[in-house]
Amino acid sequence: MSGSSIDVFTWRATVREQVVLDPGCLDLPLGEALGRVLARPVTSPEDIPAVPLSAMDGFAVRRSDLTAPGATRLPVVADIPARPGTSPELPLGVAMRIMTGAPAPGGADAVVEVEATDADPFGAVPAEVTITLDALPPENRHIRGRGEEATRDDLLAEAGDQVGAGLIGVARALGITSLPVLARPRVGVVVTGDELATSGQGADDARTAAADPAPGMVRESNGLMLTSALEADGAAARAWHTGDDPATLCSLLTEIESECDLVLTTGGIGQGAFDVVRAALGDGGTGTSQLVHLALRPGGPQGMGRLPGGTPVIHLPGTPVGALVGYYLFVRQLLPAGHAEPRRVLLGEDPGPFSSHRHRRAVLAQPGRLRTTSDGTEVVDVLPGRRLTPYARADALVLREPGAKDQADAGGVPCADAAAVGTVLVLPL
């Protein structure tokens with residue numbers, strides 16, 4: 001490709017606009033929905049609680065029967081455990097012992113905690129109880145009103161929210177048995193390169209690396225690395241390996257297209273004589289893919305296009321670190337659980353000088369670890385090491401912008417506040 005390099009964030013936005021995955025919706029039982037992304041809003045089908053409940057172990061009373069400050073002695077006419085059934089009406093001038101979670105009797109407008117009485121918390125229900133108060137309790141003290149937690153048609157969660165244990169608990173309490181979630185996008189990963197050693201020759205051989213590569217070969221790692229990342233981000237992923245023959249690559253892509261909502265390729269997008277993706281799909285082949293060079297290190301070569309059946313394809317570099325950086329920046333944003341955007345944090349530990357990079361015109365992507373200082377400030381430390389190795393510990397992608405000034409946001413706007421110098425953009429992993 002000739003001409004100047006393309007801005008990283010411009011390409012990120014372009015990919016997001018042109019590759020829209022719509023895998024559909026399915027209803028999953030609650031026990032299978034954890035971590036999935038909601039396809040539609042979830043609303044409450046009923047009031048919860050359905051009837052007023054006691055929020056305390058104590059005595060249900062009418063506030064008009066109480067003396068405060070002071071002591072009130074009332075006969076106890078019923079014992080209400082937290083069991084199925086309805087509670088009776090509370091007559092004037094009496095109390096009923098009640099347990100947490102039990103239906104409150106009609107007419108009761110307060111529950112006085114057992115600690116404010118002379119009753120034995122663990123004994124039999126007394127014939128009478130003395131209630132001693134410093135002040136009259138507020139109306140409906142320790143009574144959970146009907147619909148206090150949720151009323152019918154209340155919004156519980158939005159479309160796009162990730163299903164967590166809290167939503168599952170609320171849904172279970174409301175009698176909801178399944179949740180509408182996005183189906184997992186089916187993503188195929190095609191790893192190219194004659195030099196890659198795998199353990200077999202089958203369609204899934206990219207998932208298992210060879211134990212002892214022959215001279216001139218390297219163990220294939222992109223397949224399992226990317227399928228693992230894809231599955232963690234809510235996709236159903238499968239990997240294939242092919243060599244550097246354009247016809248073989250085209251045949252494989254035609255074969256797998258119907259199984260995929262998105263295809264990723266790694267390798268073969270440079271300017272060399274054996275760059276198979278360029279030869280098959282780029283300007284040397286069908287011309288159905290746009291191959292570009294970004295102002296990004298590592299991971300400058302990138303691309304995207306459409307397969308003959310219309311399935312989108314994204315092309316990543318062949319180097320493992322370039323493929324991983326490209327995945328986090330350009331692919332992950334398309335997936336159900338991958339919508340994190342870069343944010344600016346303070347730069348902490350930095351193993352090497354950055355000054356030489358200030359004269360470059362590319363974003364430098366580095367592995368980092370986020371931490372919070374004692375005063376609550378979020379800081380990212382750049383991890384030492386080269387290529388893929390430091391990503392074994394990374395939980396953030398650090399994006400070092402070119403030039404002497406930091407930039408204020410992911411859109412590349414120069415930072416106007418000098419205090420922001422010393423900050424970097426990070427993409428949580």
Exercise. Using the side-chain contact (heavy atoms from CB on, under 4.5 Å) rule, take Leu226 and Val191 through it: C-alpha gap first, then chi angles, then the decisive distance, then the call.
Key: CA-CA 10 Å; Leu226 292 176; Val191 183; 6.0 Å; no
Run the numbers on Val20 and Asp22 for side-chain contact (heavy atoms from CB on, under 4.5 Å), then give the verdict.
CA-CA 7 Å; Val20 178; Asp22 184 18; 5.5 Å; no
Minimal heavy-atom distance between Leu90 and Val61, with the atoms involved, is CD2-C, 3.5 Å
Determine whether Pro126 and Phe59 make a side-chain contact, defined as any pair of heavy atoms from C-beta on separated by less than 4.5 Å. yes
query: Would you say the side-chain atoms of Arg141 pair up with the backbone N or O of Val111, donor to acceptor, closer than 3.5 Å?
result: no
Does any part of the side chain of Arg343, heavy atoms only, come nearer than 4.5 Å to the side chain of Pro428, both counted from C-beta? yes
Between Ala323 and Met225 the two heavy atoms that sit nearest each other are CB-CE, 4.4 Å
Item checked: Side-chain donor/acceptor of Asp134 to backbone N/O of Pro69, under 3.5 Å -> no
Rounded to the nearest 0.5 angstrom, the OG1-CG distance for Thr373 and Leu346 is 8.0 Å
Side chains of Glu89 and Pro105 in contact at under 4.5 Å (non-hydrogen atoms): no
Check: Distance-only, no hydrogens or angles: does the His241 side chain make a donor-acceptor pair with backbone N or O of Gly193 under 3.5 Å?
Finding: yes
Between the CD atom in Gln302 and the CD1 atom in Ile269, the distance rounded to the nearest 0.5 Å is 6.0 Å
Heavy-atom nearest pair, His293 first then Pro301, reads CD2-N, 4.0 Å
*Is a side-chain N or O of Glu257 found less than 3.5 angstrom from the main chain of Thr311, in a donor-acceptor match?*
yes
Report yes if the side chains of Val189 and Tyr327 come closer than 4.5 Å at any heavy-atom pair, otherwise no. no
| message | I'd like to check Pro342 versus Phe9 (side-chain heavy atoms, cut-off strictly below 4.5 Å). Are they in contact? | response | yes
### Query
Short question: side chain of Thr266, backbone of Leu316 - any donor-acceptor pair under 3.5 Å?
no
d(Phe330 CZ, Leu294 CG) to nearest 0.5 Å is 5.0 Å
### Query
Does Arg306 reach the side chain of Thr288, with side-chain heavy atoms less than 4.5 Å apart?
no
Between Ile143 and Ala110, the two heavy atoms sitting closest are CD1-N, 3.5 Å
Closer than 3.5 angstrom, by distance alone: can the side chain of Asp153 be matched with the main-chain N or O of Thr43 as a donor-acceptor pair?
no
Does atom CZ of Arg152 have more than 12 heavy-atom neighbours from other groups under 6.0 Å away? no
- Would you say Arg387 has more than 12 foreign heavy atoms packed within less than 6.0 Å of its CZ? no
Exercise. Show your working on side-chain contact (heavy atoms from CB on, under 4.5 Å) between Val424 and Gln366 and close with a plain yes or no.
Key: CA-CA 11 Å; Val424 289; Gln366 296 177 291; over 6 Å; no
Scanning both residues in full, the closest heavy-atom pair of Glu220 with Asn222 reads OE2-N, 2.6 Å
Taken to the nearest 0.5 Å, the spacing of His142 NE2 from Glu113 CD works out to 4.0 Å
Donor-acceptor pairs under 3.5 Å, side chain of residues 157-184 to any protein atom, not counting sequence neighbours: which ones?
from, atom 1, to, atom 2, distance (Å)
Asp161, OD2, Glu158, N, 2.8
Gln162, NE2, Gly35, O, 2.9

Looking only at atom types and distance, does a side-chain atom of Ser87 sit under 3.5 Å from a main-chain N or O of Pro103, one as donor and one as acceptor?
-> yes
Start with the C-alpha distance between Asp27 and Arg40, add both sets of side-chain angles, then the distance that settles side-chain contact (heavy atoms from CB on, under 4.5 Å), and finish with yes or no. CA-CA 10 Å; Asp27 286 324; Arg40 298 191 303 271; 3.8 Å; yes
Check whether any side-chain heavy atom of Val426 lies under 4.5 Å from a side-chain heavy atom of Glu378, and answer yes or no.
-> no
*Determine, for Arg186 against Asp261, whether the closest basic-nitrogen to carboxylate-oxygen distance falls under 4.0 angstrom.*
yes
Does a salt bridge link Arg369 with Asp381, judged by any charged N lying under 4.0 Å from a carboxylate O? no
When rounded to the nearest 0.5 Å, the distance separating CD of Glu139 from CG of Asp109 is 6.0 Å
If we ignore hydrogens and angles and just use 3.5 Å, is the side chain of Arg146 paired with the main-chain N or O of Asp47 as donor and acceptor?
no
- prompt: Is the backbone of Pro137 close enough, under 3.5 Å, to the side chain of Arg63 for a donor and an acceptor to pair up by distance?
  reply: yes
side-chain hydrogen bond (donor to acceptor under 3.5 Å, both in side chains) test vs Arg73 passes for just one of Asp118, Thr67, Thr132, namely Asp118
When every non-hydrogen atom of Gly243 is compared with those of Thr192, the smallest separation belongs to O-CB, 4.1 Å
Is a side-chain N or O of Arg12 found less than 3.5 angstrom from the main chain of Leu329, in a donor-acceptor match? yes
TODO: State, yes or no, whether a side-chain contact exists between Leu425 and Leu427 at a heavy-atom distance under 4.5 Å.
DONE: no
Taken to the nearest 0.5 Å, the spacing of Met56 CE from Ile98 CD1 works out to 12.0 Å
